[in-house]
Amino acid sequence: MTAPVRTLLDDVDWLMERVPGARFEVMGGEICVTPLADVPHMWVVNHLRDQFKEAGVDDKWPEVLQRVSVWLPSGPYDFATPDLSVIDDFEGHEAEYNCCDPAIFRLVLEVTSNNYGNELRSKVAAYADARIPVYVIVNRRDERLHLLTDPSGGTYRSHRVHAPGERVTLPASIGAEVTLDVARVIETGRR
């Protein structure tokens with residue numbers, strides 16, 4: 001009798017059982033681990049989720065959700081799990097492992113942890129390859145907010161970096177007019 005072939009997803013399941021709360025993703029065929037989020041990280045995500053909802057993004061569809069994974073086109077087991085997403089109705093687009101087809105994502109948002117390279121480099125390419133129209137990064141280390149739009153060829157054609165004192169209006173394609181006060185977002189994420 002032949003033993004079943006283990007996949008990266010089997011390895012992720014095994015790791016998740018042993019390190020509860022950590023975020024596991026597979027990008028470029030490699031397992032990436034993000035440690036538990038600290039409290040300021042969670043404050044930023046909750047603050048932004050509330051802002052999206054107050055602007056009307058969450059009336060029915062699109063929906064504002066946390067930790068919904070997106071299948072990535074870079075490999076058969078590749079997926080990433082943004083901190084916050086704006087998605088269309090996922091009925092018929094859901095898949096195994098809480099991963100959904102990238103076609104339903106209007107926006108993904110990441111708040112940097114201690115592995116900045118993931119959010120600022122690896123995930124930029126991953127989300128652009130998946131053609132997710134809007135990617136927002138709250139860069140707590142450098143106290144900046146990045147707005148990336150117009151994915152093409154594994155990158156975003158537009159990458160604007162905003163500092164405290166600026167207000168950023170996100171593209172209307174996310175489902176409502178959402179304007180972020182960069183100083184308030186950054187202040188929420190300070191330790």
Side-chain angles (χ1 to χ4, degrees), residues 23 25 27 32 34-59 61-70 72 80-88 102-191:
R23 179 170 44 173
E25 301 165 300
M27 290 185 290
C32 304
T34 303
L36 288 168
D38 58 19
V39 172
H41 180 283
M42 291 183 277
W43 286 338
V44 172
V45 173
N46 287 341
H47 167 73
L48 291 170
R49 182 199 63 222
D50 292 346
Q51 280 204 264
F52 282 86
K53 288 183 174 195
E54 287 172 15
V57 174
D58 206 28
D59 290 339
W61 295 109
E63 182 89 28
V64 180
L65 297 173
Q66 294 179 27
R67 298 185 72 126
V68 174
S69 299
V70 56
L72 300 172
T81 308
D83 290 315
L84 193 70
S85 301
V86 174
I87 66 169
D88 287 321
I104 67 168
F105 288 78
R106 292 184 182 200
L107 172 144
V108 292
L109 183 141
E110 297 282 0
V111 178
T112 57
S113 299
N114 61 354
N115 55 346
Y116 303 109
N118 262 359
E119 288 94 354
L120 297 169
R121 285 187 297 281
S122 303
K123 287 189 175 182
V124 170
Y127 293 144
D129 274 343
R131 304 203 43 80
I132 296 173
V134 181
Y135 178 25
V136 176
I137 306 166
V138 178
N139 182 343
R140 294 189 302 161
R141 181 188 67 181
D142 298 328
E143 297 190 341
R144 298 289 186 261
L145 187 139
H146 301 251
L147 174 60
L148 295 88
T149 58
D150 196 16
S152 178
T155 191
Y156 283 91
R157 290 185 201 166
S158 176
H159 181 168
R160 298 207 167 138
V161 181
H162 301 277
E166 295 181 69
R167 295 178 63 79
V168 179
T169 300
L170 301 179
S173 62
I174 67 169
E177 185 174 305
V178 177
T179 300
L180 304 176
D181 179 336
V182 177
R184 185 165 181 219
V185 171
I186 297 300
E187 183 61 35
T188 302
R190 285 204 178 110
R191 296 173 189 252

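Reckoned from all heavy atoms, side chains included, excluding hydrogens, waters and symmetry mates.
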J.: Of all residues at least two apart in sequence or in a different chain, which pass the salt bridge (charged side-chain N to carboxylate O under 4.0 Å, His left out) check with R67?
T.: none
J.: Is there a side-chain contact between V108 and S85, using heavy atoms and a 4.5 Å cut-off?
T.: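 The answer is yes; the side chains approach within 4.5 Å.
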J.: With R157, which residues qualify under side-chain hydrogen bond (donor to acceptor under 3.5 Å, both in side chains), at least two apart?
T.: S152
J.: What pairs with S69 under side-chain hydrogen bond (donor to acceptor under 3.5 Å, both in side chains), at least two apart in sequence or on another chain?
T.: T81
J.: According to the salt bridge (charged side-chain N to carboxylate O under 4.0 Å, His left out) rule, which pairs have a member within residues 110-127, sequence neighbours left out?
T.: R23-E110, E25-K123, E110-K123
J.: With E54, which residues qualify under side-chain hydrogen bond (donor to acceptor under 3.5 Å, both in side chains), at least two apart?
T.: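 side-chain hydrogen bond (donor to acceptor under 3.5 Å, both in side chains) list for E54, sorted by chain: empty.
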J.: Taking salt bridge (charged side-chain N to carboxylate O under 4.0 Å, His left out) as the test, write out the residues that go with E177, two or more places apart.
T.: none
J.: Cut-off 3.5 Å, no hydrogens considered: what does the side-chain donor-acceptor table look like for residues 143-151, sequence neighbours left out?
T.:
{"unit_1": "E143", "atom_1": "OE1", "unit_2": "R190", "atom_2": "NH2", "d": "3.1"}
{"unit_1": "E143", "atom_1": "OE2", "unit_2": "R190", "atom_2": "NE", "d": "2.8"}
{"unit_1": "E143", "atom_1": "OE2", "unit_2": "R190", "atom_2": "NH2", "d": "3.0"}
{"unit_1": "H146", "atom_1": "ND1", "unit_2": "H159", "atom_2": "NE2", "d": "2.8"}
{"unit_1": "H146", "atom_1": "NE2", "unit_2": "N139", "atom_2": "ND2", "d": "3.4"}

J.: For H41 and S113, indicate whether the former's side chain and the latter's backbone hold a donor-acceptor pair under 3.5 Å.
T.: no
J.: Please name all residues satisfying side chain to side chain contact (heavy atoms under 4.5 Å, CB included) with L36, sequence neighbours left out, ordered by chain then number.
T.: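 For L36, no residue satisfies side chain to side chain contact (heavy atoms under 4.5 Å, CB included) once neighbours in sequence are set aside.
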J.: Between L180 and L170, is any pair of side-chain heavy atoms under 4.5 Å apart?
T.: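 SC-SC contact between L180 and L170 confirmed.
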J.: Which residues pass the salt bridge (charged side-chain N to carboxylate O under 4.0 Å, His left out) test with R167, not counting sequence neighbours?
T.: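 So R167 forms a salt bridge (charged side-chain N to carboxylate O under 4.0 Å, His left out) with D181.
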J.: Restricting to non-hydrogen atoms, name the atom on Y127 and the atom on V70 that form the minimum distance, rounded to 0.1 Å.
T.: CE2-CG1, 3.8 Å
J.: I'd like to know whether CZ of R141 has more than 12 heavy-atom contacts from other residues, nucleotides or ligands below 6.0 angstrom.
T.: yes
J.: Taking side-chain hydrogen bond (donor to acceptor under 3.5 Å, both in side chains) as the definition, give me every residue that meets it alongside T188, ordered by chain and number, with sequence neighbours left out.
T.: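 None.
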J.: Partners of V68 by side chain to side chain contact (heavy atoms under 4.5 Å, CB included), sequence neighbours excluded?
T.: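 L65, C100, F105.
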J.: Can you list everything that forms a salt bridge (charged side-chain N to carboxylate O under 4.0 Å, His left out) with D88? Sequence neighbours excluded, please.
T.: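 Once residues adjacent in sequence are excluded, the partners of D88 under the salt bridge (charged side-chain N to carboxylate O under 4.0 Å, His left out) criterion are R106.
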